[in-house]
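To start, the structure itself, in structure tokens.
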Amino acid sequence: MTTLTTRPTSRWERFRDSFLLYSFKRDLIAQISLLVFIALVAAAVLAPWLAPMNPYDLAQIDILASELPPFWVDGSDPAYLMGTDSQGRDLLSTILYGARVSLIIGFGAVAMQATLGVCFGLLAGYLGGRIDAFLMRLADIQLSFSTLMVAIVVGALFKAIFGGSTFSDYAVLLLVLIIGLAEWPQYARTVRASVLAEKGKEYVDAARVMGLPSRRIMFRHILPNTLSPIFVISTVQVANAIISEAALSFLGLGMPETQPSLGSLIKSGFDYLQSGSWWITLIPGLVLVVLVLVINLLGDWLRDVLNPRLYKG
């Protein structure tokens, strides 16, 4: 008597039997990277509850306790596990709050990049012709300007017009806009290539014959089949956006020292390296390296899993 195998019906059953989960269970590096990433994100999100002190509250800052070393170095204070910075702020608290700011900028910039890049890529690939030529030449022009160059020009103009205090108030939003506008061609080119490969297939021709509008064909039929490369690019772009924010903050064009981010923390302690207060720069730098490393490792794993040329038996 033969038994018929039933295919999984619910989303959870399909996910449980998918190659994605199968591969993740057998990749130790991906598992460790995901656990570290979740721990860092959770610590950043829960910073108001986990941080021993609030670095934004001037009443909790003791300038006389500045440049105290971490707990494993002689001369430390048990109240400050990771030591203090040059302003007397608890370094552990500023790292937690700073990681939250860096993650907000990273995810916000990537969301903007993806929105612009996916829309432009769909239009260029599906419509073709002059629209395709115009959008791709616009992408070429955008790629000729680096993120740092755009940030320098925009930041200098904003400070000159509105002043430094206004720039500090809107620093997060400005960095999201700058990094988002500077990197959207990465998505547009990838999506365009995927659309060119998909729009000649039978399901697209069937949708056209049924009289469906172009907008619905692009977003309801073609876009879901181009999500794999978008997910891979997003992981890499989040890491790049966080690094860009750190670089801009280190150059004085990003977050001010009064609003800690990982980049501004590294910059604030750079001048004190020669005086022996190495922890002000080194500890936030290590957190930044670990955060970017686990994101890149997850991106590499996701790229391999979603590669259609690899055997998935």
Side-chain angles (χ1 to χ4, degrees), residues 11-12 14-42 99 102-103 105-122 124-126 136 139-140 142-143 146-147 179-180 182-201 218-219 221-247 287-313:
R11 292 184 178 180
W12 167 247
R14 289 197 298 269
F15 174 73
R16 186 185 59 191
D17 298 334
S18 66
F19 177 75
L20 184 72
L21 185 61
Y22 174 86
S23 174
F24 180 76
K25 289 179 179 179
R26 285 154 179 78
D27 195 322
L28 182 61
I29 294 178
Q31 295 174 18
I32 296 175
S33 299
L34 183 61
L35 289 176
V36 174
F37 178 70
I38 292 175
L40 290 174
V41 172
S102 297
L103 286 170
I105 294 174
F107 283 106
V110 168
M112 185 174 182
Q113 295 171 21
T115 301
L116 293 174
V118 168
C119 291
F120 290 163
L122 282 173
Y126 186 78
M136 289 302 101
D140 292 338
Q142 181 64 60
L143 288 173
S146 66
T147 303
I179 298 174
E183 298 290 338
W184 65 264
Q186 309 291 343
Y187 283 90
R189 286 181 172 276
T190 303
V191 172
R192 174 182 177 271
S194 299
V195 172
L196 290 176
E198 292 291 329
K199 74 175 185 178
K201 294 184 177 180
M218 286 189 291
F219 287 95
H221 297 276
I222 296 179
L223 180 59
N225 292 292
T226 63
L227 291 180
S228 295
I230 292 175
F231 289 149
V232 175
I233 293 177
S234 296
T235 57
V236 177
Q237 289 300 103
V238 168
N240 290 341
I242 294 174
I243 288 292
S244 298
E245 180 276 323
V287 174
L288 177 63
V289 169
V290 171
L291 177 60
V292 173
L293 177 62
V294 296
I295 293 175
N296 282 328
L297 289 175
L298 286 173
D300 291 341
W301 167 78
L302 193 62
R303 179 196 59 197
D304 294 338
V305 171
L306 299 179
N307 189 350
R309 293 186 177 89
L310 293 181
Y311 173 68
K312 296 180 174 58

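Excluded from the calculations below are hydrogen atoms, water molecules and symmetry mates; all remaining heavy atoms, backbone and side chain alike, are included.
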- request: Look at the rings of F120 and W184 and say which category their plane angle falls in: under 30° parallel, 30 to 60° tilted, over 60° perpendicular.
  value: perpendicular
Modelled atom types, side-chain donor and acceptor of T115 and Y187, under 3.5 Å: no
task: Apply the side-chain contact (heavy atoms from CB on, under 4.5 Å) test between F37 and each candidate in V294, L293, T235, V290; give the one that qualifies.
output: V294
message: Measuring from atom CZ of R192 to atom OG1 of T226, what distance do you get when rounded to the nearest 0.5 angstrom?
response: 14.0 Å
statement: Heavy-atom closest pair (K199 atom, G125 atom, distance to 0.1 Å) is NZ-O, 3.0 Å
- request: Taking the side chain as every heavy atom from C-beta outward, state whether L291 and L103 have any atom pair closer than 4.5 Å.
  value: yes
message: I'd like to check the salt bridge (charged side-chain N to carboxylate O under 4.0 Å, His left out) partners of D300; sequence neighbours left out, ordered by chain and number.
response: R303
task: Give, for atom CG of L40 and atom OG of S102, the distance between the pair rounded to the nearest 0.5 Å.
output: 11.5 Å
CA sep, side-chain torsions, deciding dist, call: N225, K201, side chain to side chain contact (heavy atoms under 4.5 Å, CB included): CA-CA 11 Å; N225 292 292; K201 294 184 177 180; over 6 Å; no
message: For a quick test of reading the model, state the closest non-hydrogen atom pair linking M218 to L122 and the distance between them.
response: SD-O, 3.7 Å
query: Nearest heavy-atom pair of T190 and P229: which atoms, and what distance?
result: CG2-CB, 3.7 Å
- request: Search all heavy atoms of A239 against all heavy atoms of V292 and return the closest pair with its distance.
  value: CB-CG1, 3.9 Å
field: Interatomic distance, I222 atom CD1 to Y126 atom OH [nearest 0.5 angstrom]
entry: 6.0 Å
field: Minimum-distance pair of heavy atoms, taken over all atoms of G121 and V191
entry: C-CG1, 3.9 Å
Between CD1 on residue I29 and CH2 on residue W301, distance to nearest 0.5 Å: 12.5 Å
message: How close do S234 and I230 get, counting heavy atoms only, and between which atoms?
response: OG-O, 2.8 Å
- prompt: If you measure from CD on E245 to CG on L288, what distance do you get to the nearest 0.5 Å?
  reply: 8.5 Å
- prompt: Just wondering, do I242 and I295 contact through their side chains at under 4.5 Å, heavy atoms?
  reply: yes
- request: Keeping the roles fixed (side chain from Q142, backbone from E183), state whether a donor-acceptor pair exists under 3.5 Å.
  value: no
query: Are L34 and L298 side-chain neighbours, meaning at least one heavy-atom pair lies under 4.5 Å?
result: yes
message: Are the side chains of I32 and L297 in contact, using a 4.5 Å heavy-atom criterion?
response: no
- line: Sequence neighbours excluded, the answer for side chain to side chain donor-acceptor pair (under 3.5 Å) partners of Q237 is Q113, N240
